[in-house]
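The chain is numbered in sequence order, starting from 1. Order of listing sets the numbers, starting from 1, for every ligand and every atom in it.
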Amino acid sequence: MDNENLAELLFPDIKNKPCYYEEKYPERELPEKAEVTRIGPSPTGFIHLGNLYSAMAGERLAHRSGGVFYLRIEDTDNKRKVDGAVESVISSLDYFDIRFDEGAEVERQAGSVSYGPFYQRQRAEIYQTYVKELVRKGLAYPCFCSEEDLNSIRKVQTDEKLDIGYYGKWAKCRCLSCEEAAEKIKSGAPYSMRLRSAGQPGNTIKFRDEIMGEISLPENMMDVVILKSDGIPTYHFAHAVDDHLMRTTTVIRGCEWLPSVPIHVELFNVLGFRRPKYAHTAQLMKMEDNKKRKLSKRKDPELSLGYYRELGYHAEAVRVYLMTILNSNFEEWYQKNPGVPIEEFNFSLKKMGVSGILFDLQKLDDISADIISSKEREEVYEYFLNWMKTYKPESVPVYFADPEKMGRIMDLCMGVGQKRRRKDFINCIQMFGFLSYFFDEIFEPEYDFEKYESMTEIIREFKDTYDYNDDSSAWFSKLKLIADKFGYASDMKAYKQNPEQYKGNVSHVAEIIRVAVTGRKNTPDLWTIMQILGTESCSKRLDMAIDHLAG
Ligand code: GLU
């Protein structure tokens, strides 16, 4: 019994040799320096902001260089699989406009060769082919240790404060002869496959991370599992085989994988593969009580991508914001190049943060407000309508009953046709609340009257003299008359000189009317709002306010 026989006994159904796959998935025909990158989500149903951050870096790197960005579903861990997760990943990538050229579920292929399948569970035969070859060379072996065996090893190692893992004298199955192993296999004992590591304690490996720079880490000396007992690989092994055969040039992934690089380096070496470049992205953090802390799945809803869709953030705002935190020089470029597609920005891994990237929702809101205010009214109208159809369908007949009215509201709130655009809108949920006072059916005034004198009389007088046909200057002249009548200054200069002689000034009168009509203190131009609402609605609201003040 030798390694060759053992390999045959372990994998009788594997007929191909690695060279078969090497030929089937040749080097990609791409321009020099073109990068091949990928996103490899696990279908756990939770694709988060960190994934999107890495995906954008990968997408930009590939597409800036004339390369390929692809999607691989890393479903080796069946226990964590969630139904519908793949669809949700794809729809998130679509929503945020992260275009991938090849990958799961999608009839896209970048060149003449298909590098799929892109689901790892469908690639079992490929991985087994490579493991079989490692067994032939004596570089991998079957391990028959049970969960209990491994737990008791771990316990002793913990008690003795030793490195935890399967190595050296602890790696019992490493020393089994081919005969002994064969006997156990024939008796039907379950086994996993392990790498026969050549690593030595005390050795270090050095490599260059494209983001983190020069890194040195202890060499791997663990006989890590490469194939689980069901014949499905571990992440480490699948990463090596897939990124090799799919011809990835740069692996961009979260920094939680950085400590595993020594394992990956050894795997690439024993498999005889050229190693891709690595780029580990730093952790996303937030400020809390003046301290930075990691974004957490449990505490921070903004980590989930669903959050941005539910709140109706414009995908472009999220993209622009992510670019801002991806590359330190992006913001300046963006400001200097208004209207230029962000794809033209010269994205670089070298400009990525190496630790604790601060994610700031306030900043995202500012960017959102800028972006929405720069859009055409029709686009914002459609964007708001589409969001409402999905997330507040019962409100569509209220907000969109009269498309012309909604169009006028949008023009007003966006400042269309004004010297300066307004920035009232941040995202759909905020627009939903912000615009609610325009609709009598759902109007819920938040009366926040200051303590001015004669408010009821002022409102009554305003109601009696209001004429829908007044233009805005006639309307304002009437406000001034009311101011004079009730002891408020209609002339701001006079007021500033002797404020104590007045109960207030005309802006206070306007504020009283604003709060009475809209139930809000801050609104766009009040005259226009009243034009949109119409006389009947305004009169009712003025009466309501009078009733409210009467207590
Ligand atoms: N499936 C891995 C994860 O979800 C991907 C890591 C990688 O991109 O290699 O964390």
Whether [X] and [Y] hold their rings parallel, tilted or perpendicular, with breakpoints at 30° and 60°:
X	Y	value
Phe345	Phe330	perpendicular
Tyr70	Phe118	tilted
His236	His264	tilted
Phe273	His244	parallel

Identity and distance of the protein heavy atom lying nearest [atom]:
atom	result
atom 9 (O) of ligand 1	Tyr235 OH, 2.4 Å
atom 5 (C) of ligand 1	Gly40 O, 3.1 Å
atom 10 (O) of ligand 1	Trp257 NE1, 3.3 Å

Side chain, backbone, both or neither: which part of Arg38 has a heavy atom under 4.0 Å from ligand 1?
->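 For Arg38, only side-chain atoms sit under 4.0 Å from ligand 1.
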Could you verify whether a donor N or O on one side chain and an acceptor N or O on the other, from Tyr307 and Asp300, lie under 3.5 Å apart?
->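 Tyr307 vs Asp300: no donor-acceptor pair found between side chains.
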Passing candidate, salt bridge (Lys or Arg N to Asp or Glu O under 4.0 Å) with Asp223, options Arg174, Arg194, Lys169 = Arg174
Are any of the N or O atoms of [X] closer than 3.5 Å to those of ligand 1?
X	answer
Ile252	no
Ser42	yes
Glu256	no

